[in-house]
Amino acid sequence: MTKRWTENDVEEAAAALRAGELVAFPTETVYGLGGDGRSDRSVAAIYAAKGRPSFNPLILHVPDVEAALRISDLPPAALKLAEAFWPGPLTLVGPLRADAGVSKLAAAGLTTIALRVPAHGLARRLLTAFGGPLAGPSANPSGKISPTTADHVLAGLDGRIAGVLDGGACPVGLESTIIGFDGEALVLLRAGGLAAEEIEVVLGRPLRAHVGGVTAPGQLTSHYAPTATMRLNAETVEAGEALLGFGTVKGAAMNLSPTGDLEESAANLFAYLHQMDATAARIAVSPIPEMGLGLAINDRLRRAAAPRKSDI
Ligand code: TXA
Ligand code: MG
C-alpha cells in the first residue's frame, strides 16, 4: 500500500528516500516520482514503476544553483537563466561532471544531465531533509497524463511506490520548460510552464527550436494520452462529444478558463483531462492561442490527440 503523507511527514518521506524507496512529491509544475539520484537501484526502480523506456533520461531536482554546479558546469547563459528563473519551472541541460556522483542510469548513459530547482515549498523541504539530488520524472505511468494532484498519482501508481507527499493541486500545472545548449546556441527542448518569450527577454536573443529526433523529452508522439479520443481546435461540438472549452464558448462540459487566461488554463489542463477522460469517450477542445503558455498547452493537447502507440 502506498502511504499518503502530509506536510507533517516530510522527515518520514525523506527517510524512505534514504532507504532507496520511491516517494512522489508535489512541485509547482506537476508531481514528481522521486528517488535517490545517486543510486542506480533507486533510479532503476523509478523506470520500473513508470514502465518507462530506460533510454529516456531523468531530471535531477536540487535545492539551489550551488548544488546544481556540483553536478554540471553550467555555461554562462545557463547561469543567467538560473539566476532569473530558479527556483521555478525551468530545467537546464548541461554537461555532466565526471565527479558528480550521479547514477549513470539517471542520465541514461548521456554525457549531459537535466537539472531543476523547484519552487514548491514541500519539494524544497523534502530536498533539504533528504540531502541529495532527487531524480524525478512526472509521477505517472509512462505515456499517461501527468499528475497535478496526489489523487492522480495514486490512480496511476498506488502499490508501486512507498508514498506520496500530498501538497494539493500543482499551481503551474504543466511540466517545466527544458533548455539545452549547443555551443553558443540555446535550444528549446520542451515548451513548458515558463513561457519561451520570458526566457528570450532575459537572454536578449531568440531561442532555437528543437528539430529532429527523440533527444527524448515527451517527444514520443502519443505521450500524455487519455483513453478518450480528442479533437482539437473545435469551433463546434459534434454529437457524442464533450467540449473542453476555452474563453467565452457556450456548451462546454468544462472550461479551462472562461476569461481566456492561459496561466489558469495551464493549471487546469491535466486535472480537467483526467476528469473528462473518466466520463467522456470523445473530447473536443476549443482553439487555444499559440502564444505564451499556449505553446506548451497546445503541444500537450497535440500529443494527447495523436494516434495511440497501440494504433500505429
Ligand atoms: O516539471 C517537470 O519537469 C516535472 C517535475 C516533476 O519536475 N518533471 C518531468 O520529468 O516532467 P519527465 O521525466 O517526465 O520529463 C523530463 C524530460 C524527459 O522527456 C527527458 O527525456 C528530458 O526531460 N531529459 C532529461 N534529461 C535530458 C538530457 N540530458 N537531454 C535531453 N533531454 C533530457
Ligand atoms: Mg513525463
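Read the numbers this way: they start at 1 and go in the same order the structure lists the ligands and their atoms. Bear in mind that the values here come from a model prediction, so they are computed numbers and not experimental data.
- Residue contact check: R190 has heavy atoms under 4.0 Å from atoms 2 (C), 3 (O), 9 (C), 11 (O), 15 (O), 16 (C), 17 (C) of ligand 1.
- Not a single N/O/S atom of S146, whether from backbone or side chain, sits less than 2.8 Å from the Mg ion (ligand 2).
- In this structure, H152 NE2 and Q275 CD are separated by 7.5 Å, a value rounded to the nearest 0.5 Å.
- If you number the atoms of ligand 1 from 1 as listed, the ones under 4.0 Å from a heavy atom of S138 come out as 8 (N), 9 (C), 10 (O), 12 (P), 14 (O).
- Note that CD of E290 and CD1 of I297 are 10.0 Å apart. Values are rounded to the nearest 0.5 Å.
- Considering only heavy atoms from C-beta on, E241 stays 4.5 Å or farther from I283 through its side chain.
- R300 and S146 form no side-chain donor-acceptor contact under 3.5 Å, judged by distance and modelled atom types alone.
- Of the N or O atoms in H61, one or more lie within a sub-3.5 Å distance of an N or O in ligand 1.
- Numbered from 1 in the order shown, with element, the atoms of ligand 1 that lie under 4.0 Å from a heavy atom of G136 read 6 (C), 8 (N), 10 (O).
- Both the backbone and the side chain of T112 come within 4.0 Å of ligand 1, judged by heavy-atom distances.
- Rounding to the nearest 0.5 Å gives a distance of 7.5 Å between CG of L203 and CD1 of I179.
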With a cut-off of 3.5 Å and sequence neighbours excluded, list every side-chain donor-acceptor pair involving residues 68-82.
from, atom 1, to, atom 2, distance (Å)
S72, OG, P95, O, 2.8
D73, OD1, R97, NH1, 3.1

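- A donor-acceptor pair is defined here as one N or O able to donate and one able to accept, closer than 3.5 Å; such a pair exists between the side chain of N298 and the backbone of I288.
- Annotation for ligand 1: atoms under 4.0 Å from non-hydrogen atoms of N56 are 18 (C), 19 (O), 20 (C), 21 (O).
- The residue from A107, P26, P57 that puts a heavy atom closest to atom 25 (C) of ligand 1 is P57.
- Using a 4.0 Å cut-off between heavy atoms, L33 makes no contact with ligand 1 at all.
- Here's the thing with E175: none of its N/O atoms is less than 3.5 angstrom from an N/O atom of ligand 1.
- Within the 3.5 Å criterion, the main-chain N or O of P147 finds no donor-acceptor partner in the side chain of N140.
- For ligand 1, none of its N or O atoms has an N or O atom of Y31 under 3.5 Å away.
- Considering backbone and side-chain atoms together, S176 places an N or O closer than 3.5 Å to an N or O of ligand 1.
- Under a 4.0 Å criterion applied to the non-hydrogen atoms of G32, ligand 1 contributes the atoms 6 (C).
- If you number the atoms of ligand 1 from 1 as listed, the ones under 4.0 Å from a heavy atom of V93 come out as 28 (C), 29 (N), 30 (N).
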When you look at R190 and T91, which way does the side-chain hydrogen bond (donor to acceptor under 3.5 Å, both in side chains) test go after all the steps?
CA-CA 9 Å; R190 177 176 76 182; T91 294; 5.2 Å; no
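- If you check the side chains of D40 and S103, you find a donor sitting under 3.5 Å from an acceptor.
- Atoms of ligand 1 found under 4.0 Å from any heavy atom of I59, numbered from 1 in the order shown, are 3 (O), 8 (N), 9 (C), 10 (O), 16 (C).
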